[in-house]
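What you see is a predicted model; the values in this text were computed from it and never measured.
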Amino acid sequence: MNTFTLIQITDTHLSRERPEFSGNFEIASKLIGKVKPDVVVHTGDIAVEATARSDDLLFGKEAMDSLDAPYYAIPGNHDVGDNPSDHGYMPPKPVTDALVQTYEDHFGPDHWVIDQAGWRLIGLNAQLFSSGLAREQQQLDWLVETLASADARPVAVFCHKPLLRDAIHEPVDVPYRYVPLVNRGPLVAAMDAADVRLFACGHVHQARDHWRGNTRHVWCPATAFTLPDDVQPRVGDKRCGLVSYRFSPRGVEVDMQFPAAMHHPEADVLRKVYAI
Ligand SMILES: [Fe+2]
Ligand SMILES: [Fe+2]
């Protein structure tokens, strides 16, 4: 049968200068080398903090290039800066055109489409939402066209941030955690024109697998670390890992994996790297 295997990794938070999380990446890399998927998708936060230290992005690229599989990537807030969000939230390090351009110089386009095994797989730059950059509208126009031309094919969307916590319209939980409420309407309208069966994200550093309507929402566990409950409320499963997918014309199998060898850095390590 026509199948396509994909491993999603996310939130590797890599840096030559802050190598605290490189060990877990090596474990993911070995697993990828064993499985040899058709493709790896990195759903962002490749770097510890590329907005402050551009070498983090280069180091992340060197790490991704070392994988024994072709890969696609999309940016996270630690790669290109964060987007403004609900209730006037302004991030301390906002996304800029220059940061996205630098990211694209390393990893190629910040949004992309792959057609395989009867599916259309779409990668989106979540950091553009509510940014007001010209790229934001260009990406939305591209998405509308790319979803409309999917015809009867099922679609999987990969995006750094989750679309929602529990519902499209819901009270604001943490403004920087999800796709902003104001952007969900146009996004959902575009997705409703197609058969979107999977919405796969990273960013939260918690694993979760839940359904809304016909769409399965998969929160990929972070490679690098989880956050203590006093810093971040628990919504899903706080373990490090990755997700393996097998796409076929009959559907998609989802296998969330938590390699026992991945270690969970203590809070004082996170405080050193991120001053949380
Ligand atoms: Fe992250
Ligand atoms: Fe993130």
Side-chain angles (χ1 to χ4, degrees), residues 8-32 40 42-67 71 73-83 85 89-96 99-100 102-103 106-107 126-127 160-162 174-178 201-208 219-242 258-276:
Q8 181 189 4
I9 58 173
T10 197
D11 299 85
T12 50
H13 293 262
L14 294 166
S15 167
R16 209 181 313 272
E17 200 169 303
R18 305 286 348 187
E20 283 84 345
F21 312 124
S22 289
N24 278 358
F25 181 84
E26 287 309 315
I27 292 164
S29 172
K30 277 195 189 117
L31 194 146
I32 287 162
V40 170
H42 193 312
T43 43
D45 284 356
I46 299 164
V48 165
E49 196 49 76
T51 65
R53 201 170 35 222
S54 59
D55 183 64
D56 284 11
L57 219 45
L58 179 60
F59 184 73
K61 179 173 166 49
E62 289 167 6
M64 291 300 292
D65 286 350
S66 75
L67 295 178
Y71 71 88
I74 47 178
N77 46 303
H78 291 285
D79 304 318
V80 297
D82 209 357
N83 55 292
S85 190
Y89 171 77
M90 281 303 295
K93 292 170 180 169
V95 61
T96 66
L99 286 164
V100 177
T102 301
Y103 168 88
H106 287 78
F107 292 100
Q127 305 316 125
H160 183 57
K161 294 190 176 182
V174 181
Y176 49 80
R177 181 162 301 152
Y178 305 94
C201 67
H203 183 56
V204 189
H205 294 228
Q206 298 188 40
R208 195 170 174 220
W219 295 14
C220 181
T223 299
F225 60 87
T226 58
L227 289 158
D229 286 352
D230 62 329
V231 173
Q232 182 205 51
R234 188 177 290 262
V235 179
D237 187 340
K238 290 194 176 183
R239 284 185 287 168
C240 294
L242 44 75
F258 304 97
M262 281 192 177
H263 90 139
H264 295 79
E266 297 295 328
D268 63 330
V269 173
L270 306 180
R271 279 191 196 97
K272 252 200 296 183
V273 177
Y274 276 115
I276 58 169

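- Between the His205 side chain and the Phe225 main chain, a donor and an acceptor come within less than 3.5 Å of each other.
- Met64 has its side chain out of reach of His106: every pair of non-hydrogen atoms, C-beta onward, lies at least 4.5 Å apart.
- Proximity of a side-chain donor or acceptor of Gln232 to a complementary backbone N or O of Val204 within less than 3.5 Å is detected.
- A pairwise comparison of heavy atoms in His160 and Ile74 identifies N-CD1, 3.8 Å as the closest pair.
- In this structure, CD in Glu26 is found 10.5 Å from CE in Met262, a value given to the nearest 0.5 Å.
- When all heavy atoms are compared, the tightest approach of Val48 to Ser15 is CG2-CB, 3.6 Å.
- Note that CG of Leu57 is 11.0 Å distant from CD of Glu62, once rounded to the nearest 0.5 Å.
- Remark: Asp230 engages no residue in a side-chain hydrogen bond (donor to acceptor under 3.5 Å, both in side chains) (not counting sequence neighbours).
- For the pair Leu270/Pro228, a side-chain contact is recorded, criterion being any heavy-atom separation below 4.5 Å from C-beta on.
- Under the 4.5 Å side-chain criterion, counting only non-hydrogen atoms from C-beta, Phe25 is in contact with Ile9.
- Using a 4.0 Å cut-off between charged side-chain N and carboxylate O, Glu49 and Arg18 make no salt bridge.
- Phe107 is linked by a ring pair (Phe, Tyr, Trp, His ring centres under 6.0 Å) to Tyr103, counting only residues two or more places apart in sequence or in another chain.
- Judged by distance alone, with hydrogens and angles left aside, the side-chain atoms of Asp45 form no donor-acceptor pair with the main-chain N or O of His13 at under 3.5 Å.
- The minimum heavy-atom distance between Asn77 and Thr51, with the atom names listed, is O-CG2, 4.3 Å.
- A donor-acceptor pair under 3.5 Å links the side-chain atoms of Asp79 to the main chain of Ile46, judged by distance alone.
- Here the closest non-hydrogen pair linking Ser66 and Ala63 is OG-O, 2.6 Å.
- Nearest heavy-atom pair across Gly202 and Pro162 is O-CD, 3.9 Å.
- Under the side-chain hydrogen bond (donor to acceptor under 3.5 Å, both in side chains) criterion, Arg53 pairs with Asp56, not counting sequence neighbours.
- Between the side chains of Tyr176 and Asn83, no donor-acceptor pair of N or O atoms lies under 3.5 Å.
- Not counting sequence neighbours, Asn24 has no partner by the side-chain hydrogen bond (donor to acceptor under 3.5 Å, both in side chains) test.
- Between the Lys161 side chain and the His203 main chain, no donor and acceptor come within less than 3.5 Å of each other.
- The closest donor-acceptor contact from the side chain of His264 to the backbone of Cys240 lies under 3.5 Å.
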Is there a side-chain hydrogen bond (donor to acceptor under 3.5 Å, both in side chains) between Asp237 and Gln206 once you walk through the steps? CA-CA 5 Å; Asp237 187 340; Gln206 298 188 40; over 6 Å; no
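- Evaluation of the side-chain hydrogen bond (donor to acceptor under 3.5 Å, both in side chains) rule for Thr43 yields Gln8, Thr10 as partners, not counting sequence neighbours.
- With values rounded to the nearest 0.5 angstrom, Phe59 atom CZ is found 9.5 Å from Thr12 atom OG1.
- Evaluation of the salt bridge (Lys or Arg N to Asp or Glu O under 4.0 Å) test over residues 258-270, restricted to residues two or more places apart or in two chains, returns none.
- Here Arg234 contributes atom CZ and Leu227 contributes atom CG; the two are 11.0 Å apart, rounded to the nearest 0.5 Å.
- Ring pair Phe21/Tyr274 is parallel by interplanar angle, where below 30° counts as parallel and above 60° as perpendicular.
- Summarising the geometry of Ser85 relative to Pro175, their closest heavy-atom pair is OG-O, 2.6 Å, with the distance given to 0.1 Å.
- Side-chain contact between Arg16 and Leu58: present, with at least one pair of heavy atoms (C-beta onward) separated by less than 4.5 Å.
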